[in-house]
Each structure stands twice: as structure tokens, then as C-alpha cells.
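Along the sequence shown, residues are numbered consecutively beginning with 1. Please read all numbers here as calculations on a predicted model, not as lab measurements. The basis for the numbers below is simple: all heavy atoms, side chains too, and nothing from hydrogens, waters or symmetry mates.
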Amino acid sequence: MKKPGVEEVLQQGIHGPLETKPDERRKYLGTLRERIVVALKKIQVAEETVYPQVEKLMKEYPKAHLFLNGNLPYEQLSKYIKKAAKYNIRHTIVTNKESETDIGLVLAMDYAIEKDEIFIFKKAPEIPIAKKGFFAKLFKR
């Protein structure tokens with residue numbers, strides 16, 4: 001392993017230690033995309049109830065770490081903190097005033113798991129298709 005040069009030491013002293021993928025870490029509340037089990041947007045965290053999929057994944061991944069966006073009101077975060085405590089999952093409230101992210105919650109591992117889809121979306125209610133009347137069948141467009 002090579003010794004760091006004077007310039008490297010000075011830069012790390014000024015800007016902090018080197019970090020891999022800093023933009024990705026800012027977006028995902030301090031972790032990397034490849035480590036994420038599930039993520040919710042701020043608007044989803046603000047909903048009244050806990051997403052059952054998140055609770056199910058907390059059961060499945062007991063060694064995961066829960067990251068919560070500290071820019072959200074504590075009342076919105078507390079329901080997830082209680083669920084994390086129920087399943088003995090560590091949690092961290094991340095507040096980064098320098099950058100803005102639309103992510104409200106991240107459940108992540110300490111190592112890469114490479115899930116294809118990390119976001120949960122509620123299915124929109126199905127809209128029943130109106131039955132065509134007698135005249136609609138006769139006069140097709």
C-alpha cells in the first residue's frame with residue numbers, strides 16, 4: 001500500500017476522507033444503492049400507516065439498518081422507529097442540510113445485495129370498464 005502524498009493528506013484534511021459515490025450516498029441517506037432492501041419517498045413516509053411491505057422486510061432482514069430522513073417531522077418517522085425497535089433493527093436519523101433528497105426511508109444492509117426494484121408503489125385501484133350499450137356496438141368508431 002502506497003503512502004499518501006502531502007497533497008492527498010491536505011485535501012482530506014480540508015474536505016474530509018475520500019468517499020465512494022458521494023452523490024449516491026447523499027441521495028440514499030448515507031448508504032449505497034446496491035445495499036438497499038427497500039426505500040420509500042418522503043410522501044410515502046408521511047402517510048398515516050406503516051407500509052406492510054416494509055414491516056415484512058424488517059422481519060426478513062433482522063441485521064438491516066434503517067435510515068430515516070431527518071428533514072421530516074418526528075411524528076412521521078416515529079411509527080417506523082417503533083417497528084424497527086420491535087424487530088431489533090438499528091436506526092439512524094440522517095439530516096443533511098447541504099443536499100436535498102426525495103427519499104424518506106431506506107432499509108439497507110452492510111453489504112451489497114443488488115435488488116432490482118427497491119421502491120414500493122401502492123397499486124392504483126382498478127377502474128371498472130363501462131359496458132358498451134346496444135348503440136355503441138352498432139356505431140363503432
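When all heavy atoms of Asn96 and Arg26 are compared, the closest pair comes out as ND2-CG, 3.8 Å. Taking every heavy atom of both residues into account, Met58 and Ala84 meet most closely at SD-N, 3.9 Å. Of all non-hydrogen atoms in Tyr111 and Arg35, the two that sit nearest each other are O-CG, 3.5 Å.
A 4.5 Å side-chain heavy-atom check between Gln44 and Leu105 finds every atom pair outside the cut-off. Residues Ile103 and Phe67 fail the side-chain proximity criterion, which asks for heavy atoms closer than 4.5 Å. In this structure, the side chains of Leu32 and Lys21 come closer than 4.5 Å at one or more pairs of heavy atoms. Using a 4.5 Å heavy-atom cutoff, the side chains of Val45 and Leu72 are in contact. Contact of the Leu29 side chain with the Leu68 side chain is not registered, since no non-hydrogen atoms from C-beta on lie closer than 4.5 Å. With contacts defined as side-chain heavy-atom distances shorter than 4.5 Å, the pair Tyr80/Tyr51 qualifies.
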Verify side-chain contact (heavy atoms from CB on, under 4.5 Å) between Lys63 and Tyr61, making sure each step is shown before the conclusion. CA-CA 6 Å; Lys63 295 193 186 266; Tyr61 294 90; over 6 Å; no

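Among Ile89, Thr31, Ile118, Ile36, the one residue that satisfies the side-chain contact (heavy atoms from CB on, under 4.5 Å) test with Leu107 is Ile89.
Of the inter-residue distances, the one linking Lys41 atom NZ with Phe121 atom CZ reads 6.5 Å to the nearest 0.5 angstrom. Once rounded to the nearest 0.5 Å, the distance linking OH of Tyr28 with CG of Asp23 reads 11.5 Å. Atom CD1 of Ile93 is separated from atom CD1 of Ile81 by 4.0 Å, given to the nearest 0.5 angstrom. Rounding to the nearest 0.5 angstrom, the gap separating the CZ atom in Arg33 from the CZ atom in Arg25 is 15.0 Å.
Cluster membership for Val106 and Val38, using ILVMFWY side-chain heavy atoms within less than 4.5 angstrom, is not shared. Cluster annotation: Val94 and Met109 are assigned to distinct hydrophobic clusters (Ile/Leu/Val/Met/Phe/Trp/Tyr, side-chain heavy-atom contacts under 4.5 Å, transitive). In terms of hydrophobic clustering, with Ile, Leu, Val, Met, Phe, Trp and Tyr side chains grouped at heavy-atom distances under 4.5 Å, Leu66 and Phe119 are assigned to different clusters.
A salt bridge links Glu100 with Lys42: the closest approach of a Lys/Arg side-chain nitrogen to an acidic carboxylate oxygen falls below 4.0 angstrom. A salt bridge between Glu55 and Lys83 is present, with a side-chain N of the basic residue lying under 4.0 Å from a carboxylate O of the acidic one.
Atom NZ of Lys79 is surrounded by more than 12 heavy atoms from other residues, nucleotides or ligands within 6.0 Å.
In this view, Asp110 satisfies the side chain to side chain donor-acceptor pair (under 3.5 Å) rule with no residue, not counting sequence neighbours.
Between the side chain of Lys115 and the backbone N or O of Val37 there is at least one donor-acceptor pair closer than 3.5 Å.
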